[in-house]
Amino acid sequence: MRRIILPLLALTGIGATDAPGPHLNQVGFRPDTAKRAVFAAAGSKSLAWDLLDENGRVVANGRTIYFGPDAASGDTVHQIDFGAFRTPGTYRLRVDGRTSHAFTIAADVYRPLARASLNFFYQQRAGIAIDARFAGGSQWARAAGHGSEVVTCFKGRDLAGTDWPGCPYRLDVTGGWYDAGDQGKYVVNGGIALWILQNLYEIDTGSPPFPDGAAALPEAGNGINDLLDETRWEMRFLLSMQVPEGQTLALPLGRQGRGPYRLTPVDAGGMAHHKVADRNWTKLPTAPADDREERLLYPPSTAATLNLAATAAQCARIWRGIDNAFAKRCLVAAGKAYQAALRNPDVYAAQAFTGSGGYGDGDLSDELYWATAELYAATGMPELADALHRMPLHAAPLSGEPGWASTAALGTITLATAAGVSPAERAAARAKLVALADRFLAEEARSGYHIPYASTAYQWGSNGAILGRGMILALAARFTGEARYRDGAVDTMDYVLGRNPLDQSYVTGFGWQPMMHPHHRFWAQTFDARMPGPPPGVLSGGANSTSFPEASASLQGRCVGSRCWIDDARAYAHNEVAINWNAPLVWLASDLAATAH
């Protein structure tokens with residue numbers, strides 16, 4: 001077993017760490033956007049900084065701005081702004097005698113990251129052999145996992161004592177993306193990841209990113225945008241998870257506590273199974289092709305059904321004029337799923353199974369709002385507009401960034417951007433998104449590391465949440481043309497690429513200190529030298545100050561907020577990877593790789 005390298009841990013921040021920085025984006029900056037760094041130092045006196053070119057010559061200089069104590073890290077920090085310097089090249093930043101590693105200023109600085117982060121989804125594909133030509137090297141090639149996945153429903157007792165009767169059918173659910181470090185495939189997490197990538201295509205109708213041949217994919221050269229080739233792989237899987245028409249299934253209705261559940265026979269036709277996954281957790285490491293656990297469909301849920309309705313309606317809009325038959329298939333499935341959800345509005349995801357994540361959600365009003373918005377944008381039906389306007393979420397301010405359990409922002413983004421939405425509807429949706437972006441910028445002013453996230457509580461998957469805020473800020477920049485929103489989006493990328501108290505790039509293969517030991521069953525060299533390490537472009541879940549299971553237990557009580565992270569392959573609460581976290585990385589890197597809007 002290889003030695004696991006752990007980052008420095010600090011109890012209270014500067015004074016307890018020997019890595020004051022300068023902390024900055026380890027990849028670099030576009031010439032026309034913000035360029036910020038943070039330096040941890042106990043004194044309040046401003047410090048001299050110099051920007052050095054490749055020959056060590058000073059090309060810009062100034063003094064730090066004292067911020068003071070940063071509650072999220074425990075550090076006392078100074079901020080540095082060298083955004084006025086725009087000359088492309090390779091540079092280092094020197095602050096108070098300490099010099100950073102080299103970084104670049106270039107118009108295309110985000111392009112390699114956009115391409116690598118999209119390739120993550122190819123490498124997470126199920127049902128197909130991963131080819132070295134497209135994966136970036138022979139070490140990442142692998143045999144197809146679950147190459148013919150024709151499965152039936154879980155039958156028998158779950159951990160809470162519910163006796164599930166199973167189902168009288170089998171579904172071919174081959175394909176899709178593995179969710180995370182495990183090999184489950186989940187409709188709700190697949191839904192938000194798919195939506196984000198489809199949205200990236202839809203909002204750039206003039207010149208969508210990844211034109212045919214731009215990505216490393218087996219479909220490249222087929223005349224279809226490569227981003228759509230990748231999203232169709234997941235969309236087909238979600239379509240395959242739909243319960244056949246006319247099927248009656250025994251499902252739990254309403255909130256019932258921990259179980260055993262009372263099951264009620266319902267017309268489940270058109271609903272979506274919550275997930276397909278192993279009966280028991282596979283060990284670390286396990287290549288997908290070596291998974292010998294029984295694969296099963298797990299009971300349908302209203303959340304999964306609305307995810308299917310929303311993403312399939314979005315699919316129908318996107319594929320019209322490209323593949324009309326596929327667009328029609330998506331729209332038909334979306335309509336069936338939406339009606340099934342209205343018929344069964346309170347089937348919450350059952351949680352007492354082992355071998356897979358639960359993805360339980362106790363509030364489905366946001367999923368219903370989201371799906372209604374997507375279908376309205378796809379069809380223009382007045383009755384959908386009426387239903388949308390009766391929902392409290394339609395008029396209410398947005399509460400936060402999008403997440404798999406908080407999807408209201410997705411519906412609002414569609415109302416703000418999709419073709420066919422009325423001008424008044426679009427204007428109202430854009431105003432809500434700009435107001436949310438303003439809230440995030442207000443948080444940035446309270447953050448010592450100058451990120452639009454001021455909380456001292458870092459949740460599981462914090463990096464994905466922070467990049468989700470970056471998406472909102474980037475959209476506000478599009479709507480208003482104001483540079484402050486664009487710069488706020490850049491701040492979120494700066495954070496995950498190194499401008500954080502650990503001086504850590506949370507993306508494999510990028511920066512001078514990248515994440516190297518993700519929690520993953522195939523990229524698992526920590527556990528077996530014959531297994532590969534991770535490919536470039538994979539995002540860690542990031543700091544988590546609220547949950548410390550198993551391998552992360554040593555952190556509890558020894559870290560503050562954004563310092564609660566460990567580069568340990570066993571530490572799934574801190575260092576797992578997931579499609580819903582990599583999707584906003586692709587979106588934002590692609591947006592920043594494009595010309596200024």
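For the single chain, residues carry numbers from 1 onward in sequence order. Atom set for the values below is all heavy atoms of this structure, side chains included, hydrogens, waters and symmetry mates excluded.
Every pair passing disulfide bond (SG atoms under 2.5 Å apart) that includes a residue from residues 131-184 is listed here, sequence neighbours excluded: Cys153-Cys167. Sorted by first and then second residue, the salt bridge (charged side-chain N to carboxylate O under 4.0 Å, His left out) pairs involving residues 338-358 (not counting sequence neighbours) are Asp267-Arg343.
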Please tabulate, for side-chain N and O atoms in residues 456-467, each donor-acceptor pair with protein atoms closer than 3.5 Å (sequence neighbours left out).
{"residue": "Ser462", "atom": "OG", "partner": "Ala543", "partner atom": "N", "Å": "3.4"}
{"residue": "Ser462", "atom": "OG", "partner": "Ala543", "partner atom": "O", "Å": "2.7"}
{"residue": "Asn463", "atom": "ND2", "partner": "Ser540", "partner atom": "O", "Å": "3.0"}

Anything under 3.5 Å between a donor and an acceptor, one on a side chain of residues 398-405, the other on a protein residue two or more places apart or in another chain? List them.
{"residue": "Glu401", "atom": "OE1", "partner": "Arg469", "partner atom": "NE", "Å": "2.8"}
{"residue": "Glu401", "atom": "OE1", "partner": "Arg469", "partner atom": "NH2", "Å": "3.3"}

Extract all donor-acceptor atom pairs below 3.5 Å that involve side chains of residues 305-314 and protein atoms in other chains or at least two apart in sequence.
{"residue": "Thr305", "atom": "OG1", "partner": "Ala272", "partner atom": "N", "Å": "2.9"}
{"residue": "Thr305", "atom": "OG1", "partner": "Ser301", "partner atom": "O", "Å": "2.7"}
{"residue": "Asn307", "atom": "ND2", "partner": "Ala303", "partner atom": "O", "Å": "2.9"}
{"residue": "Thr311", "atom": "OG1", "partner": "Asn307", "partner atom": "O", "Å": "2.8"}
{"residue": "Thr311", "atom": "OG1", "partner": "Leu308", "partner atom": "O", "Å": "3.4"}
{"residue": "Gln314", "atom": "OE1", "partner": "Gln198", "partner atom": "NE2", "Å": "2.5"}
{"residue": "Gln314", "atom": "NE2", "partner": "Trp195", "partner atom": "O", "Å": "3.2"}

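By the side chain to side chain contact (heavy atoms under 4.5 Å, CB included) test, Ser117 pairs with Asn582, Leu585, Val586, sequence neighbours left out. For the side chain to side chain contact (heavy atoms under 4.5 Å, CB included) test, residues two or more places apart in sequence or in another chain that qualify with Ala160 are Asp158, Ala352. With sequence neighbours excluded, the residues forming a side-chain hydrogen bond (donor to acceptor under 3.5 Å, both in side chains) with Glu293 are Asn280, listed by chain and number. The ring pair (Phe, Tyr, Trp, His ring centres under 6.0 Å) search around Trp319 returns Phe326, not counting sequence neighbours. By the side chain to side chain contact (heavy atoms under 4.5 Å, CB included) test, Leu284 pairs with His519, Arg521, Phe527, sequence neighbours left out. In terms of the salt bridge (Lys or Arg N to Asp or Glu O under 4.0 Å) criterion, Arg236 has no residue partners (sequence neighbours excluded). Remark: Glu294 engages Arg279, Leu296 in a side chain to side chain contact (heavy atoms under 4.5 Å, CB included) (not counting sequence neighbours).
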